Amino acid sequence: MKAGCSIVDKPEGGGGYHFPEWAYKTESSPGSRQIQLWHFILELLQKEEFRHVIAWQQGEYGEFVIKDPDEVARLWGRRKCKPQMNYDKLSRALRYYYNKRILHKTKGKRFTYKFNFNKLVMPNYPFINIRPNGEHREFREFWNFWEFWDFWGKKKL
DNA sequence: AACGGAAATC
DNA sequence: GATTTCCGTT
């Protein structure tokens, strides 16, 4: 058994939500279950105990602020077993998300980024648009990904 | 702080 | 492929 970084990583804070299997898989490598940075970000955003470190920006849907860059980097480094992780490197990874349309930068606002929820994250998970029995809700109606997951996850998996 | 090229790493 | 590492530029 690997001590620190097992194949299926445990979420920060323990307990609570955890992304389902498909969230860790990559198209090219079905067996790979390395957690994606944006999954990790959403994970932290979900928990109250990390609000002093990272939190949703009230007002703008999907926008969040990294209040403590060093701490977020430390937590990310711990999860990925990369002790040398820092905000400079983590932010580079976030910038690679710009072209992938997962995130974009909120210009002028320090340490502030915004998820491209409805159009960009959704296409990666087709089933999300499937409507079961009239109980369809636009993703944008949800407060965050987790409220959405609560709504759909319990039905689909 | 933020950006993005280039090479390395897994 | 998704970062991680390094770094020159704005």
Side-chain angles (χ1 to χ4, degrees), chain A residues 1-14 16-47 49-130 139 142 144-149 152-153 156-157:
Chain A
M1 295 296 159
K2 296 176 183 176
C5 302
S6 57
I7 298 175
V8 178
D9 322 283
K10 291 182 179 179
E12 288 300 332
Y17 293 95
H18 192 294
F19 279 98
E21 293 285 308
W22 55 263
Y24 294 85
K25 296 178 180 177
T26 304
E27 283 188 41
S28 61
S29 53
S32 178
R33 293 186 182 182
Q34 277 276 298
I35 187 173
Q36 313 284 105
L37 176 55
W38 66 275
H39 293 167
F40 181 75
I41 295 295
L42 284 174
E43 184 180 295
L44 292 183
L45 246 16
Q46 167 63 199
K47 309 199 171 193
E49 59 256 55
F50 294 105
R51 280 183 182 168
H52 64 292
V53 170
I54 185 172
W56 291 112
Q57 179 78 292
Q58 114 177 19
E60 282 301 304
Y61 179 75
E63 189 173 272
F64 63 94
V65 184
I66 296 177
K67 299 177 179 178
D68 188 338
D70 295 327
E71 180 63 1
V72 172
R74 191 186 69 72
L75 291 167
W76 175 233
R78 193 177 68 182
R79 177 65 71 81
K80 290 289 292 293
C81 285
K82 293 292 179 181
Q84 317 312 314
M85 184 51 61
N86 56 40
Y87 183 68
D88 178 58
K89 297 172 188 172
L90 185 153
S91 62
R92 180 70 188 90
L94 291 179
R95 289 195 290 280
Y96 269 128
Y97 283 154
Y98 298 170
N99 287 325
K100 298 175 77 172
R101 302 194 303 169
I102 290 175
L103 285 180
H104 69 73
K105 188 74 181 65
T106 297
K107 296 173 182 175
K109 291 184 180 179
R110 207 153 169 257
F111 305 127
T112 302
Y113 300 80
K114 187 173 181 176
F115 275 100
N116 291 171
F117 277 137
N118 2 280
K119 262 198 169 182
L120 315 172
V121 175
M122 293 301 98
N124 294 317
Y125 308 102
F127 72 83
I128 282 172
N129 296 313
I130 296 175
F139 183 69
F142 294 88
N144 64 34
F145 183 85
W146 295 107
E147 186 194 334
F148 169 79
W149 179 246
W152 272 106
K156 302 294 291 184
L157 298 181

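Quick note on labels: first sequence line is chain A, next is B, and so on, each numbered from 1. This one's a predicted model, so the numbers in the text were calculated from it and none came from an experiment.
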TODO: Return no unless some side-chain N or O of A/Lys89 is found under 4.0 Å from OP1 or OP2 of C/dT4.
DONE: no

Open item on the list: What is the distance, to the nearest angstrom, from the NE2 atom on A/His39 to the C1' atom on C/dT3?
Closed with: 13 Å

Open item on the list: Output the rounded distance in Å from OH (A/Tyr87) to C1' (C/dT4).
Closed with: 16 Å

TODO: Hey, could you give me the CZ/CD distance between A/Arg78 and A/Glu71, rounded to the nearest 0.5 Å?
DONE: 8.0 Å

TODO: Check A/Ala73 against A/Leu90 and note the closest heavy-atom contact, atom names and distance.
DONE: CA-CD1, 3.8 Å

TODO: May I have the distance from A/Arg79 (atom CZ) to C/dA2 (atom P), rounded to whole angstrom?
DONE: 18 Å

Task: d(CG, A/Leu37; P, B/dC10) in whole Å - done: 18 Å

Task: OP1 or OP2 of C/dT3 under 4.0 Å from side-chain N/O of A/Tyr97 - done: yes

- [ ] Look at the aromatic rings of A/Phe115 and A/Phe64 and report parallel, tilted or perpendicular, splitting at 30° and 60°.
- [x] tilted

Open item on the list: Between P on B/dC10 and CH2 on A/Trp76, what's the gap in Å once rounded to a whole number?
Closed with: 15 Å

- [ ] Send over the distance from A/Arg110 CZ to B/dA2 C1', rounded to a whole Å.
- [x] 11 Å

Open item on the list: To the nearest 0.5 Å, what is the distance between CD1 on A/Ile54 and CG on A/Leu75?
Closed with: 9.5 Å

- [ ] Tell me which nucleotide among C/dT3, C/dT4, B/dA2 gets nearest to the side chain of A/Phe111.
- [x] B/dA2

Task: CG on A/Leu44 to CD on A/Glu49, rounded to 0.5 Å - done: 9.0 Å

- [ ] Would you indicate which nucleotide in C/dT5, C/dT4, B/dA2 comes nearest to any side-chain atom of A/Gln84?
- [x] C/dT5

Open item on the list: In whole Å, I'd like the distance from the CE atom of A/Met85 to the C1' atom of C/dA2.
Closed with: 11 Å

Open item on the list: Just the rounded figure in Å: distance from C1' of C/dA2 to CD1 of A/Ile41.
Closed with: 14 Å

Every protein N/O lying under 3.5 Å from an N/O of nucleotides 3-6 of chain B:
from: B/dC3; atom 1: OP2; to: A/Tyr98; atom 2: OH; distance (Å): 2.7
from: B/dG4; atom 1: N7; to: A/Arg92; atom 2: NE; distance (Å): 3.2
from: B/dG4; atom 1: N7; to: A/Arg95; atom 2: NE; distance (Å): 2.8
from: B/dG4; atom 1: N7; to: A/Arg95; atom 2: NH2; distance (Å): 3.2
from: B/dG4; atom 1: O6; to: A/Arg95; atom 2: NH2; distance (Å): 2.7
from: B/dG5; atom 1: N7; to: A/Arg92; atom 2: NH2; distance (Å): 3.0
from: B/dG5; atom 1: O6; to: A/Arg92; atom 2: NE; distance (Å): 2.8
from: B/dA6; atom 1: N6; to: A/Tyr96; atom 2: OH; distance (Å): 3.3

Task: ring pair (Phe, Tyr, Trp, His ring centres under 6.0 Å) involving A/Tyr87 - partner list, sequence neighbours excluded - done: A/Phe111

Open item on the list: Taking any heavy-atom pair under 4.0 Å as a contact, classify A/Leu90: base, sugar-phosphate, or nothing.
Closed with: nothing

